[in-house]
Each structure stands twice: as structure tokens, then as C-alpha cells.
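Have a look at the structure below before the remarks.
Every chain is numbered from 1, with letters handed out A, B, ... down the list of sequences. As the structure is a computational prediction, the values presented were derived from the model and not from experiment.
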Amino acid sequence: MTDRRIRIIEEGFFRVLMFFSTSAIVMVLLLIIISILVKGLPSLSWEMISQTPRGGFYFGKEGGILNAIIGSLYLAGGSTLLAFAVSLPVALFMNVHLVKKVKLVNTVRFLLDLLWGIPSIVYGAFGFTVMVYLGLRTSLLAGIITVTLFIIPIMIRAMDEIMKTVPRGLLEATYSLGSTRSETAYRVFFRQCFSGIITAILLAFGRGIGDAASVLFTTGYTDRIPTSLSQPTATLPLSIFFQLSSPIKEVQNRAYASALILTIIILIISVLARVFERRYFKHKINF
Amino acid sequence: MGFFQTKRNLRNNIHHGWMLICLVLVILMPLIIGLGLYYKSYPILSTHSLAELLFSSSWHPQSNKFGLLPFILSSLWVTLISLIISAPICLLTAIHLTQYARKWVLRLMHPVIDILAGIPSVIFGVWGILIIVPFVSNVVGPLFNKHLSGFSILSGSLVLSVMIIPFILNILIEVFRSLPTELTEAALSVGASKWQTVKYVLVKKAFPGIISAFGLGLSRAFGETIAVLMVVGNVTRIPTGVFQPGYPLPALIANNYGEMMSIPQYDSILMFSALVLFVIVTLFNLASRIAIVQVEKHH
């Protein structure tokens, strides 16, 4: 009887613990968002997001961080585009052309997971060596190359996860109608997985825009909005980092506002990704 | 008809070629990264022995002394403590979500985990400075009767543990989901309670998967840069306690890129640090992934 009692108490104890750890995770997320909101909102102004830094900006004078916002969008946009040009063919190749070579595909997945695990600072250091090797200077282009390398494995794996779920029957049906492999890949698979591909692109874009360590060596930093690929550029994460390390109160407060802007951008991307994930598309065949 | 056919075939071949090139590039990527970093760290390796670089604690770049031991040990401290904090939370939550929780809890937790995973490193750093550093300084410090600035190994670990929670949790949920339902049914049918089933059957069966999830979390934590750098203090010394500041390896690389060109061999030692980071993280990942694949084979 007592033995049974202990068991019941034990189960109850652990259920309470489980409940607490689950709610702790929700609480921490709320705490992060609320603290950024509370600290950032008072300093957030239209001036912040519509102007580039003026003289004396880093001493708390006028100006905004438009240079960093635009720079980050250029950087993440460019590298997402470049990564897409590599990732889509690889993901399609793995799931259409190599569909029968299970061992090979699994090895590729394994390698991609390894690449995914490499820290972004290592990509940054590697990007720097590539930059020096190619004779480039710190520039938007060098940053785009680095971030592209960094987000390719993320994009491929996300696309791959969606394409894995397409039934074999669809593949066989298109072949039996006489389509070539690339037609099956780009016309049928691409449309069937369209919403998942958009989600993968958004995921990679979010990673690209939020990462600081990979662009630390390669993009440089400037107060101007870049007008060509060979110019250096500011990025939002680095601008937050630099402003926060200032001893001046106003500049620090603006760092919090910048952090709020970045958080909002990331939240929008994440909501968009969710919307696309569920959306029904005209060309999708439902099995 | 003939022309149309060749055009389609041609297009097919072009696509095939491009796909193959991309795939080969991606497969060779880890090798290229490793070789690129090795090439850049060759100058330092040719003048200093590997053992000296890795196990000497004397870091004086000006006088040509490059011992990475303080940084490697700081990294180990921060990483291990963050895992100790996050591991039980992740395990309990994963069990809760896969075995006990109602559907709506899962539906709520999915976006929570996703958003937490998507928050940029620098935002975690800002949050760490806003909440964690004052917490360590004002709450934890007095608790141990100490005057702390708050910028310490403990702060770094706390921030890091939050960052790796979504990562570990996702893998753990996957691991528990991949367990066959028959296992639970069999245990329940011989009279085990729900908790006994979890404790003696599921956790036991999932044990290798759980360990690999922690391993992957550890390697993710090891390479995390900006967030840790912002709260850990960055003092070059071998840490002997959690309240002391530390200086992890990624922070060393990130902090010194500016001076890279002014001191001889400085760029080379930083690239060597990146190489060390790459090798450690990849080895850890490799071991954990292999363990996970082995587990999946068993089911």
C-alpha cells in the first residue's frame, strides 16, 4: 500500500516538474519579447528607421539606422537568392534523380546536417579567407558570399524535409506520361512543394538577417547605404552590437530600439512562414 | 517532333549537369572549409607546436606567445554549465509534450519553440545584458555573499542554455515520437502506470537518442558567439569558478578581427582558433549524428 502511495506521489511530483519546465520555456520567450519591447519602444521613432546616421550619431545626436536596415535586407536578400539557385537543384536532385539511391541520399543528408552544425563564426573566418584569396575587400559582395555558404545547408534541409513527403506515385505517374526527369523535378515537384519551398526560403532569410558572427569579418561597416556590391555595408545585428558597447546612454537606448526593430522583422518572417506552411495552392495535388 | 525531343533532352541534360555541380560542391564544402582554414593557420603551425598552441596558458601576442588554453577552458565551462541547466528542462518538457500533454498544448508549444529558435543571437545578447547580468549581479551575488559585476561564466551559460533549449527540444521530441507505440501498450498492458512506462521503458529505450540530442546541443553551444561574448566578461584567464569572467574561443575570434593585421601572426592564430572550433564541433556533431542514425536503424 505504501509502495503504491510512493509511486503515485512520484508520478505527481514529476508531472508538476514537467508542467513547470514547459511553462518556463513559454515564460522565457515572453520575458525576452517583453523586455526588448519595454526597453526599445521608448526610443523607437520614425527618425530611427527613416534616416542614416548623421554627424555625432554615435554621441547620441540625430540620425537613424536606415543604413543598417537596408544593408541587412540587401545582404540577406542577395544571399537568399544566391543560396536558392544552389539549394533548389540540390534538393530536387536528391528527391527526384536519386530517389532510388537511398544510401547516397542519406549520406548527403548527413553531410548537410554536419554543415548545419558548423558555427557561423567559422563560416565568417572561412569567408574572410575566401575574400582575401579572391582579392576582395570588405564589401557587400564578400558578406553575401559568406552568408550564402552559411544558409545553403539550412535551405536544402528544409526543402528536403518537404520533398521527402511527396508520394512515389506522383513521380511514377509523370514518368509514365513521358516527362523527362528535369521536367518532373521543376514542373511537378516544384509546384507540389511550393508552399514548403517558400517556408524554407523564409527560414533561410531569417537566419541570414539575424546572424552577426558570419559577417563580422567580411562586410565592414559604414554609415552610408551601399549603392554597389563592392562597397562595405552596415548590418542590423552589428549595429545593435556596436551601439550597445557605447558608454553613452542615448546610444545604448537606441541599441534597444534597434533590437526591437530586428525582433519585429524576425517575428514577421516567422508569421509569414507559418501562413505559407498551411496555405492551399492551386497546383498542389492533395493525396 | 525530332527537334522538340532534342530540345527537351538538351534542357534535361543542362539541368542535370547544374544539379550535379551543386551537389558535388555541397558535398565537398566541409573539406573545403577545413582546408581553407588550415591553409591560413599554416604560418602559426610552422613556428609553434600544436601542443604549445592548445595546452599553453600564456597568451601574449605581442611577444609571440599564443596559448589557447584559457579560451578553450572558458568555452568548456560555459558550454557544460549551459547543458547542465537546459538538459533537465528539455527532457521533462519533451516527455510532457509527447506523453502527457493535450493537443492544444502542443499546438501552442510549436510556434513557441520555432520563434525561440529563430531569435537572432544578438537579441539574446541584448536580453542577457538587460535581464541576466543584473540578475546574477543583484540576486545570485548576494545569495553567495559576493560582489559580482554580473559579467561572468554563469551569465553566459544562462543565456546559452535558453538558446539551445529549442534546438535540443526539437530533437528530443523527434526521438520520443520515433519510439514504437507497441512499447507503451505492452508496458501498460502488464500493469505499469503511465509514469513507470515512461521511466523504465521509454527513457531507457530512447537513452542513446537523448544522449545524442544533448551532444548536438553541446556542439551548438560551443560555437555560439555574439550572445555569449556580450555577457561573459572577456578576461583572459583560466576560470576556476562560475562567478568569474571567461573568454570563450568564438569570442576571441570575434573580438580581435580588427587588430588582425597589426600584430605578426595574429591573423594566423585567429584562423587556427576557427579551425580548432570547426574540428571540435564537427567531431562532436559526427559522434552524435552517428549515434542517432544507429538508434533509428534499431526501430
Side-chain angles (χ1 to χ4, degrees), chain A residues 7 10-11 14-15 17-19 21-22 24-26 28-29 31-32 35-36 39 86 89-90 92-93 97 108 110-115 117-122 125-126 129-130 152 156 180-183 186 206 210-213 216-217 237 240-241 244 255-256 259 262-263 266-267 270 274, chain B residues 8-9 11-12 15-16 18-20 22-23 25-27 29-30 33 36-37 40 89 92-93 95-97 100 109 111-112 114-116 118-123 126-127 129-131 162 165 193-195 216 219-220 223-226 250 253-254 257 270-271 274 277-278 281-282 285-286 289:
Chain A
R7 278 202 314 236
E10 186 189 322
E11 170 147 21
F14 274 99
R15 288 199 67 163
L17 269 190
M18 281 189 255
F19 174 78
S21 49
T22 309
I25 294 176
V26 182
V28 165
L29 179 65
L31 187 64
I32 293 172
S35 58
I36 299 283
K39 270 296 212 177
V86 174
V90 173
L92 286 172
F93 197 68
H97 295 65
V108 175
F110 189 83
L111 274 174
L112 285 169
D113 285 341
L114 279 191
L115 275 174
I118 297 174
S120 61
I121 185 93
V122 173
F126 177 69
T129 44
V130 172
I152 279 177
I156 298 180
T180 64
R181 279 182 174 180
S182 70
E183 282 165 352
Y186 285 102
D211 195 70
L216 209 51
F217 302 98
I240 297 169
F241 182 63
L244 201 58
Y256 299 132
L262 181 58
T263 311
I266 292 291
L267 286 181
S270 140
R274 278 206 160 254
Chain B
R8 281 178 65 201
N9 274 334
R11 189 180 285 161
N12 185 38
H15 275 308
H16 194 273
W18 175 241
M19 284 168 152
L20 204 61
C22 291
L23 183 71
L25 269 181
V26 168
I27 291 175
M29 227 23 237
I33 293 179
L37 292 176
K40 272 285 171 183
I89 295 178
L92 287 167
T93 308
I95 294 173
H96 186 215
L97 292 180
Y100 287 95
M109 286 306 283
V112 167
D114 280 358
I115 293 173
L116 206 55
I119 293 180
S121 177
V122 70
I123 300 291
V126 171
W127 174 71
I129 290 180
L130 279 176
I131 305 285
V162 176
I165 279 177
S193 72
K194 180 91 191 173
W195 175 247
L216 289 174
S219 73
R220 165 82 13 149
E224 190 42 61
T225 312
I226 298 291
I253 306 171
Y257 75 102
L270 291 185
M271 291 302 152
L277 203 60
F278 169 72
V281 168
T282 305
N285 264 322
L286 206 65
R289 295 270 174 211

- CD1 on A/I121 to CZ on B/F278, rounded to 0.5 Å: 15.0 Å
- Note on the structure: Rounded to the nearest 0.5 angstrom, the NE2-CD1 distance for B/H96 and A/I25 is 11.0 Å
- Item | Atom pair OG1/CD1 of A/T263 and B/I119 - distance to nearest 0.5 Å | 7.0 Å
- Side chain, backbone, both or neither: which part of B/L25 has a heavy atom under 4.5 Å from chain A? neither
- Item | Toward chain A, the part of B/R220 with a non-hydrogen atom under 4.5 Å | side chain
- Return the orientation label for the A/F14 and B/W195 ring planes: parallel under 30°, perpendicular over 60°, tilted otherwise. parallel
- Message: Quick check on the interface: out of A/L17, A/V26, A/D113, who has the most heavy-atom pairs with chain B under 4.5 Å?
- Response: A/D113
- Item | Contacting moiety of B/D114, where chain A heavy atoms sit under 4.5 Å | side chain
- Out of curiosity, A/S182 OG to B/R8 CZ, how far, rounded to the nearest 0.5 Å? 8.5 Å
- Task: Please flag which part of A/I266 lies under 4.5 Å from any non-hydrogen atom of chain B: side chain, backbone, both or neither.
- Result: side chain
- Message: A side-chain contact here means heavy atoms from C-beta on lying under 4.5 Å apart; do A/R274 and B/P111 qualify?
- Response: yes
- Note on the structure: Taking every heavy atom of A/S21 against every heavy atom of B/L92, the minimum-distance pair comes out as OG-CB, 3.3 Å
- Which portion of A/V108 sits near chain B, non-hydrogen atoms under 4.5 angstrom: side chain
- Query: A/I32 versus chain B, heavy atoms under 4.5 Å apart: side chain, backbone, both or neither?
  - Reply: both
- Query: What option among A/L115, A/V86, A/I152, A/L244 has the most heavy-atom pairs under 4.5 Å with chain B?
  - Reply: A/L115
- Pick one of side chain, backbone, both or neither for B/V162, based on which atoms fall under 4.5 Å of a heavy atom in chain A. side chain
- Query: Should B/L37 and A/V122 be marked as a side-chain contact (heavy atoms from CB on, under 4.5 Å) after you check the CA-CA gap, both sets of side-chain angles, and the distance that decides it?
  - Reply: CA-CA 9 Å; B/L37 292 176; A/V122 173; 3.8 Å; yes
- Query: Between A/R181, A/K39, A/R15, which has the largest tally of heavy atom pairs under 4.5 Å with chain B?
  - Reply: A/R15
- Quick one: what part of B/I129 sits under 4.5 Å from any heavy atom of chain A, side chain, backbone, both or neither? side chain
- How close do A/F93 and B/H16 get, heavy atom to heavy atom, and via which atoms? CE1-NE2, 3.8 Å
- Query: Taking all non-hydrogen atoms of both residues, which atom of B/I226 and which atom of A/A213 are closest, and how far apart?
  - Reply: CG1-N, 4.0 Å
- Message: To the closest 0.5 Å, what do you measure between CD1 (B/I131) and OG (A/S35)?
- Response: 4.5 Å
- Query: Which bit of A/L216 comes within less than 4.5 Å of chain B, counting heavy atoms only: side chain, backbone, both or neither?
  - Reply: both
- Task: Let me know if A/L31 has heavy atoms under 4.5 Å from chain B in its side chain, its backbone, both or neither.
- Result: both
- Query: Shortest non-hydrogen contact from A/F110 to B/L286?
  - Reply: CE2-CD1, 3.6 Å
- Task: Give, as side chain, backbone, both or neither, the part of B/L130 having an atom under 4.5 angstrom from any heavy atom of chain A.
- Result: side chain
- Message: Quick check on the interface: out of A/R7, A/E10, A/M18, who has the most heavy-atom pairs with chain B under 4.5 Å?
- Response: A/M18
- Message: At a heavy-atom distance under 4.5 Å, which candidate from A/L29, A/D211, A/V28 has the highest pair count against chain B?
- Response: A/L29
- Message: Below 4.5 Å, heavy-atom pairs only: which of A/F241, A/Y186, A/Y256, A/F126 has the largest tally toward chain B?
- Response: A/F126
- Item | Step-by-step side-chain contact (heavy atoms from CB on, under 4.5 Å) determination, A/E183 to B/N12 | CA-CA 7 Å; A/E183 282 165 352; B/N12 185 38; over 6 Å; no
- Message: Restricting to non-hydrogen atoms, name the atom on A/I156 and the atom on B/V26 that form the minimum distance, rounded to 0.1 Å.
- Response: CD1-CG2, 4.0 Å
- Is any NZ, NE, NH1 or NH2 atom of the basic residue among A/E11 and B/K194 found under 4.0 Å from an Asp or Glu carboxylate oxygen of the other? no
- Please look at B/I165 and chain A and tell me whether the side chain, the backbone, both or neither of the residue comes under 4.5 angstrom of a heavy atom of that chain. side chain
- Query: Counting heavy-atom pairs under 4.5 Å to chain A, which of B/L216, B/I123, B/L116 comes out on top?
  - Reply: B/I123
- Item | Heavy-atom proximity to chain A below 4.5 Å, by part of B/I95 | both
- Query: Which bit of B/V281 is near chain A, if near means a heavy-atom gap under 4.5 Å: side chain, backbone, both or neither?
  - Reply: side chain
- Identify which part of A/A24 has an atom lying under 4.5 Å from any heavy atom of chain B, answering side chain, backbone, both or neither. neither
- Which atoms form the tightest heavy-atom contact between A/V90 and B/C22, and what is the distance? CG2-CB, 3.4 Å
- Item | Close side-chain approach of B/M19 to A/L92, heavy-atom, < 4.5 Å | yes
